[in-house]
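Just follow the structure's listing: the first ligand is 1, and inside any ligand the first atom is 1. We count residues from 1, following the sequence as given.
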Amino acid sequence: MSELDLVVRNARAVTASDIISCDIGVREGRIVSIGEALLKAAREIDAAGRYVTPGGVDAHCHLDQPHAAPIRMADDFTTGSRSAACGGTTTIIPFAAQMKGQSLLEAVAEYHGKAEGKAHVDYAFHLIVTDPTDEVIGKELPTLIGDGYTSFKIYMTYDDLKIDDRQIIELLDVARRYSAMPMVHAENAECIEWLTKKLEAAGRTAPRWHAESRPMLAEREATHRIITYAELIDVPLLIVHVSGKDVVEQIRWARSRGLRILAETCPQYLFLTAADLGLDDSYEGARCVCSPPPRDKTSQKAIWDGLADGTFTVFSSDHAPYRFLGEDGKHPGGKEVAFRHIPNGIPGLETRMPLLWSEGVLKRRITPQKFVELTATNPAKTYGLFPKKGTIAVGADADLVVWEAKETTICNAMLHHAVDYTPYDGMSLQAWPAMTLLRGNVVWNGKEFAGDLAGRFLPCGRPSLYPDV
Ligand code: URP
Ligand code: ZN
Ligand code: ZN
């Protein structure tokens, strides 16, 4: 047997099912042996009894998506993937977004241009379908699914992204026929528009009113509706960025009927509430404007419970990077604008894993195995990247995170994105990645970023909810 390139020794290796004490042997970027006292390798890393988890798979992040001027995303593939690596994430699945009137094939080609040679971690693409023409439904989407783009996002809200219910049904039917995974942003656009107009007429335009304009009932109704369509078509789907209690109940209801409904949640629904958008008319809360908005403590608890009991399959960042200052972000044109015009989304690629490890695992709300399931194994399975990604097993890519118990107070200066704030500023965590390895190479050593633009495109295979028979 030829020599190993690397051995990670004395690891407490965590998978979605087990924790084992072992050495992990790596050759040519892949794990080739897991055992005791493996032979010496060219490179050695002593994990000294520390937890070692699979590199994170962040299945929901936005990088370099186009916007109408002056809005611009702060992170491109280089800064976004750098930030991911430093927070323990080695695979990202951002979106190739179709603009209305654009061909989906063209959108995908454009995104490859944005990513190729510019990513520090491996990446796949979800599609965003905003213009499901006959050509898209009949030809482009089936072709792309066959070529490794096996998931697509559907928006039920946002004027420039949403499609109507008939189009949604058509798309779900394509997903079923070609074994793709639809992901749905479920909020009732009509309720939101009606409430927004009413708030504007009353002069209530400060960031905090964003939360009032998108109440949980709008999310609950749209979730119920999309579950109904999934049942009609007999297709699995995943509801993205679930924010609170009423929606968690909808997911459980759907599962109790035997429907293949998966759910994702994100750090903002565990650590922020609507109060973070402001208690008065200050503009500071624009930092935390995202959709659906953060809710309340009761919803935070419902989300924690749902993570622990398996209601949620995936924990993603929904990194949507807009600067707070400067005219290309939360102050469009350099102004404090009405909440309707504040770009939606918050940064989170780098903080996703440390937040859940510290506040979830170390505070015993979830087990280490559940952490791995939610942050790596399930996203890899759901989107057809398993077992290459998302686990510690012979044959898998040697994407690993070594965890260190270390009190860390989050501040934006320590993060590696190009955004000028983090919503978690000042929060004290009990752990941070001491090392991140991408295919056996150190990309973060606990102090410094060490990536070299080695990220590769990953075509996605069959989503796990379409079992091969
Ligand atoms: O507010 C959010 N979540 N912005 C990002 C886009 C999306 O809908 O996920
Ligand atoms: Zn969304
Ligand atoms: Zn998103």
With sequence neighbours excluded, residues passing side-chain hydrogen bond (donor to acceptor under 3.5 Å, both in side chains) with Arg225: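 Result, side-chain hydrogen bond (donor to acceptor under 3.5 Å, both in side chains) vs Arg225: Asp165, Glu221.
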Plane angle bin for Tyr123 and Phe457 - parallel if under 30°, tilted between 30 and 60°, otherwise perpendicular: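 The rings of Phe457 and Tyr123 sit tilted, inter-plane angle from 30° to 60°.
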Side chains of [X] and [Y], heavy atoms from C-beta outward: is any pair under 4.5 Å?
{"X": "Ser243", "Y": "Ser291", "value": "no"}
{"X": "Ile226", "Y": "Met156", "value": "yes"}
{"X": "Asn344", "Y": "Tyr158", "value": "yes"}

Side-chain ion pair, Lys245 and Glu249, N-O less than 4.0 Å: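 The answer is yes: the pair qualifies as a salt bridge.
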Salt-bridge present (Arg252, Asp309; N to O < 4.0 Å): yes
Sole candidate of Phe315, Phe95, Tyr383 that passes ring-ring contact (aromatic ring centres under 6.0 Å, His included) when paired with His60: Phe95
Side chain to side chain contact (heavy atoms under 4.5 Å, CB included) involving Pro368 - partner list, sequence neighbours excluded: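 Side chain to side chain contact (heavy atoms under 4.5 Å, CB included) list for Pro368, sorted by chain: Val14, Ile19, Tyr51, Trp357, Val361.
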Tabulation required: pairs of a nitrogen or oxygen in ligand 1 and a protein nitrogen or oxygen under 3.5 Å; columns are atom names and distance to 0.1 Å; otherwise 'none'.
residue  : atom  : partner : partner atom : Å
ligand 1 : 1 (O) : Ser291  : N            : 2.7
ligand 1 : 1 (O) : Gly345  : N            : 3.4
ligand 1 : 3 (N) : Ser291  : O            : 3.0
ligand 1 : 3 (N) : Asp318  : OD2          : 2.7
ligand 1 : 4 (N) : Asn344  : O            : 3.1
ligand 1 : 8 (O) : Lys153  : NZ           : 3.4
ligand 1 : 8 (O) : His185  : ND1          : 2.9
ligand 1 : 9 (O) : His60   : NE2          : 3.3
ligand 1 : 9 (O) : His62   : NE2          : 3.2
ligand 1 : 9 (O) : Lys153  : NZ           : 3.0
ligand 1 : 9 (O) : His241  : NE2          : 3.4
ligand 1 : 9 (O) : Asp318  : OD1          : 3.2
ligand 1 : 9 (O) : Asp318  : OD2          : 3.4

Polar protein atoms near the Zn ion (ligand 3) [N, O or S; cut-off under 2.8 Å]: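 For the Zn ion (ligand 3), the protein N, O and S atoms that sit under 2.8 Å away are His60 NE2, His62 NE2, Asp318 OD1.
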